[in-house]
Amino acid sequence: MADLASGGVVGAAFGEGFAILHDTVKHVVGQIIMFKSELKRLESTLDGVAPMVREIEELSQALNFPVKETQSLVEQMKKGKELVLKCSKIKRRNWNYCVKAYSYSNKLSKLNKAIEKFCQVNLIVQNTRNGLETLTLVSQNTKIGLKALTGVTQNTGIGLDTLAEVNHNTTIGLETLAEVNHNTRIGLETLAELNQNTTIGLETLADVNYTTRVGLETLAEVNHNTRIGLETLTEVNENKRALNLVLKHVESQNSNMKKKYGTSSCAVPKLRDYIVGFDLHLKELKRELLKEEVSVLIVTALGGCGKTTLVKMLGWDEEIIDIYMGNIFFVNVSKTPNLKVIVQNLFSYNGDECPEFQSDEDAINQLEQLLYQIGQPILLILDDVWPESESLIDKFKFNIPNYKIVVTSRKAFSRFKFRFQLNPLAHEDAMRLFCHSASMQDGSSYILEEDMEKIVRYCGGLPIALEVIGGSLCGQPVEVWQSKVMGWSEGHSIFDSDNEVLARLQKCLDFSADKIILKEYFMDLGSFPEDQRIPATALIDVWTELHESGKNDVHAIANLHELNSRNLASLVMKRKDAEEGSYYYNEEFVTQHDLLRELAIQLSSQKPIIERTRLIVDIRENNLPDWWMKPQLINARLLSISTDEQFSSSWCNDIQAPEVEALILNFRTTNYTLPEFVKNMVKLKVMIVTNYGFFPAELSNFQLLSSLPNLKRIRLEKVSFSSLCNTLVQLRSLKKISLFMCNIGQTFGNSTIQVSDSFPNLMEINIDYCNDLVELPTWLCEFLHLKKLNITNCHKLSELPEEIGKLVNLEELRLRSCTELSELPESTRSLHKLRILDISDCLSIIKLPKHIGELHTLKELHMKECLRLRKQLPSSIIDLKQLRLVVCDEERAKLWEPFEEFFSNLKVMKAKKDINLNWLSKS
């Protein structure tokens, strides 16, 4: 390298600095593994520079150019040598190793870019200048040529200088390049004229053309780099657009959440994982439906035959989807349909603003207009239409081309011409479904095939019976199987009525002594309205207080899974990254076949009113049951009251229910008054209040709860808080409150009462899908006994109070899907008992708290899809010695790579991206 260190553009100082840096890099590149990639790139750059420097040196020596033009690069090379030596001395076990490693890596990259920039731009400009000055000596024969060439040279220099800045400002660079190209074309035209004037000019122009070609090649290379920059910018812009779409999608879904959750979503529900014996039925049903003369098609069969499964398959069939171009609407009608709510759901599902209808007739008229606007083939599926709702079908009939209705019902409505009779499963298919439900796929040999044959014949080919009975025998010893076979009648048993189906299913509830509690759990499921999702946490609250008093929720959760495994209920898990052992079921729900719900109600209603331990009351309009109209003593431990949209809250208050421990109130009106007799329920432990209407409801008489000394859990759904927080309610035993889709707004902040004094023993707060919640009040941080704070899917929540650090007993903090939340307060460092922190899908969070390492008991950190969290994690992360699980996405997982060596038992789990909301559909 010594020959590069003398004279001209490079100069002695530059050559010496260049040689020392080059030799130093070559010496250490194989020794420093930590920065091997950065040093390799620097070595490659220096190797590539050498020939160019040698060539420029030869030209510069002749012209004797000054050294000052390279002085800045000389200084950088000296600092580069010192930086490389520092890199060779860094130790992995230093406390600040991560910070230094990150800093040195950035500095090496900047040095490399500086050398590349100097050689790619500065040297090229100087080389061009040398060529032009040489051309000046050659072209003294013509003044016109000199002026023209000087103009071209100046324009070329301007173009190159401008292009050097293109990397920093793409738009300006492109505009400048266009101007340079224009000037270059003018220069070339001028050179063409000079060629005609003089031979010397031609020779000079030849040289100029050569220089110009070099310049054009440089321009081409710059253009290539510009294109790369543009492609990168395009990718960034696409990512930004994708993020904006996600944000808009979340906001859109959230705005419609109140319309979809708790009421019948009109998307075709997902199919079960295992379906057998329906392919031929589906083929025949499609053939009937696609006949031109068919406008209404009735699918009829006994309850439990699989009518709903069949029409779900129809809605997911690719041929049907292609024909109807996605305009397939699925409506679960059920026993007590609400026409206005059904139409509101249809508007909402189609993406239209949902109007408030004055009457059923108004709703139907506006629906007809909506369907006309869609103007494409439309398929409407009306599932589970009861005999008394036959007239409802006519209301949905419109004279619209390519518009068809499919109806499922236990009754074959004879006045409709086109009907499809769904028969029970053939014996072979029934055997396959039974074996699957009883987990007999492995061909367990200890169960006699003869016994299985008898049981399958007993089920009569009904899928619901096969699934429930199979689930009840799953894992049971052979003696239990034989006992069941002996106790049940033999021979073919094609059921003649739903009552017979219920009688057969009831025999599946013969639990062993240690599982008899499951029957109580099962009958509690009848306390919730038909065809509605049951929040898993509502069931857990009821079951824990009724059947597992004094214990935590784990026993109720275990029995919920047991019912699910026996096919007596279906647990729908939304979260794919749900952690084991956290007991967090706020986003899960339970569904149940309507026959099983009927069975639960039937079993609960066998005794007289006064003797029932579980009383389920369904009130239509204001028609109270006869026994309610006179003073009545109720000894039930669970009381469930369901009312419709016509109910006026005109309670008869002569009811005495001193033994009630669980109260479940289901209603549909926009104003709801708690009954006066609630204040006498001195043993009440849990209250579930759910509004199944379309809009939030005003809840009054809330002050009655002050007289309930044992009330521990409250769950409110779709309730407005405008009046509640100004009502002084002392609930000294309350430990858990859950608010789902409630209208909160600034109510908390404007409260005139000291809420923390009202609930002195509160340990858990759940706020979910309360989309008008913008900020938390500071008094929320005064619940010093609080252990769990879950604020999820509140998309307008932008900040947490700094006082949150006062919650010194907090063990779980979940903020998932609060998309506007930008950061966690630094005071979170004071939450020394925190075990679980969940900020997944908080799209606006850009950093973790600087002192997060002070959360010494933190075991789980969930940070999936925090899209703006891209910077290096704080160095205090290494102090999280108890951290065992991090759940994140691919990009966030990379942020943890520099820290993995500091954790011996840490699992970084990469969760799959899942932003769909299909869980909102019926299943």
Side-chain angles (χ1 to χ4, degrees), residues 253-266 331-349 352-364 366-367 384 389 392 527-535 538 589 591 616-623 640-651 663-675 687-702 714-724 738-745 747 768-772 920-922:
Q253 290 292 348
N254 183 69
S255 66
N256 289 326
M257 197 71 65
K258 296 181 180 180
K259 302 173 183 177
K260 288 191 174 184
Y261 195 95
T263 57
S264 193
S265 174
C266 296
V331 175
N332 198 309
V333 178
S334 74
K335 191 174 183 178
T336 56
N338 184 318
L339 183 61
K340 287 187 284 190
V341 171
I342 290 174
V343 177
Q344 285 171 334
N345 284 324
L346 289 168
F347 269 84
S348 176
Y349 178 71
D352 291 82
E353 183 177 352
C354 184
E356 287 194 57
F357 305 116
Q358 302 302 314
S359 63
D360 286 354
E361 183 180 2
D362 179 36
I364 289 298
Q366 293 202 42
L367 175 62
D384 194 21
S389 300
L392 188 72
S527 305
F528 296 87
E530 179 189 11
D531 294 323
Q532 297 292 345
R533 305 176 186 86
I534 307 172
F589 58 91
T591 62
I616 301 172
V617 183
D618 190 2
I619 301 175
R620 298 189 183 184
E621 298 183 354
N622 290 304
N623 299 319
S640 169
I641 304 175
S642 298
T643 56
D644 61 14
E645 65 278 0
Q646 302 298 324
F647 184 67
S648 62
S649 294
S650 299
W651 301 101
L663 176 62
I664 300 173
L665 300 174
N666 309 305
F667 65 96
R668 293 181 178 274
T669 52
T670 54
N671 292 283
Y672 188 78
T673 303
L674 294 179
M687 184 175 75
I688 311 295
V689 180
T690 306
N691 171 19
Y692 289 97
F694 206 80
F695 301 102
E698 290 287 343
L699 186 63
S700 56
N701 245 8
F702 200 70
I714 296 177
R715 186 182 193 277
L716 304 177
E717 179 171 337
K718 214 179 296 184
V719 169
S720 176
F721 267 76
S722 60
S723 60
L724 294 187
S738 301
L739 309 176
F740 185 83
M741 293 181 66
C742 291
N743 275 9
I744 296 176
T747 304
D768 195 20
Y769 282 109
C770 296
N771 196 37
D772 61 345
L920 289 172
S921 301
K922 291 287 183 186

Can you find a heavy atom in the side chain of V333 that is under 4.5 Å from one in the side chain of D384?
no
Working note: I641 + F667, criterion side chain to side chain contact (heavy atoms under 4.5 Å, CB included); need CA distance, chi angles, decisive distance, verdict.
CA-CA 8 Å; I641 304 175; F667 65 96; over 6 Å; no
List the atom of L367, the atom of L346, and the distance in Å for their closest heavy-atom pair.
CD1-CD1, 3.8 Å
Determine whether I364 and F357 make a side-chain contact, defined as any pair of heavy atoms from C-beta on separated by less than 4.5 Å.
no
I would like to know whether T643 and R668 meet side chain to side chain contact (heavy atoms under 4.5 Å, CB included); could you show each step before the answer?
CA-CA 7 Å; T643 56; R668 293 181 178 274; over 6 Å; no
Of the non-hydrogen atoms in S527 and I664, which two are nearest, and what is the gap between them?
CB-CD1, 3.6 Å
Can you name the closest pair of heavy atoms from E621 and I619 and give their distance?
O-CG2, 3.8 Å
Hey, could you give me the CG/CE distance between L716 and M687, rounded to the nearest 0.5 Å?
6.0 Å
Reported CG-to-CD distance for the pair N691 and E717, which is rounded to 0.5 angstrom
8.0 Å
Shortest non-hydrogen contact from D772 toward C742:
OD1-O, 3.8 Å
Using only atom types and a distance under 3.5 Å, with no angle test, would you say the side chain of N622 pairs donor to acceptor with the backbone of S648?
yes
Qualifying residues under side-chain hydrogen bond (donor to acceptor under 3.5 Å, both in side chains), relative to N701, sequence neighbours excluded
E676, Q703
To the nearest 0.5 angstrom, please state how far the NZ atom of K340 sits from the CD atom of E361.
12.5 Å
Measure the acute angle between the ring planes of W651 and Y672, then classify it against the limits of 30° and 60° as parallel, tilted or perpendicular.
perpendicular
CA sep, side-chain torsions, deciding dist, call: L674, L665, side chain to side chain contact (heavy atoms under 4.5 Å, CB included):
CA-CA 9 Å; L674 294 179; L665 300 174; 3.6 Å; yes
Set of side-chain hydrogen bond (donor to acceptor under 3.5 Å, both in side chains) partners for N623, sequence neighbours left out:
none
So, taking the atom named OG1 in T690 and the one named CE in M741, what distance separates them when rounded to the nearest 0.5 Å?
11.5 Å
On a heavy-atom basis, the closest approach of P337 and I342 is CB-CD1, 4.3 Å
Working note: N345 + V331, criterion side chain to side chain contact (heavy atoms under 4.5 Å, CB included); need CA distance, chi angles, decisive distance, verdict.
CA-CA 9 Å; N345 284 324; V331 175; over 6 Å; no
Mind checking what makes side-chain hydrogen bond (donor to acceptor under 3.5 Å, both in side chains) contact with D644, not counting sequence neighbours?
none
Side-chain donor-acceptor contact under 3.5 Å, N666 with S642:
yes
Roughly how far apart are T669 OG1 and F647 CZ, rounded to 0.5 Å?
8.0 Å
Taking the side chain as everything from C-beta on, heavy atoms only, tell me whether Q344 gets closer than 4.5 Å to F695.
yes
Quick one: does F740's side chain get under 4.5 Å of P535's, heavy atoms only?
no
Nearest-0.5 Å distance, CG of residue D362 to CD of residue E356:
11.0 Å
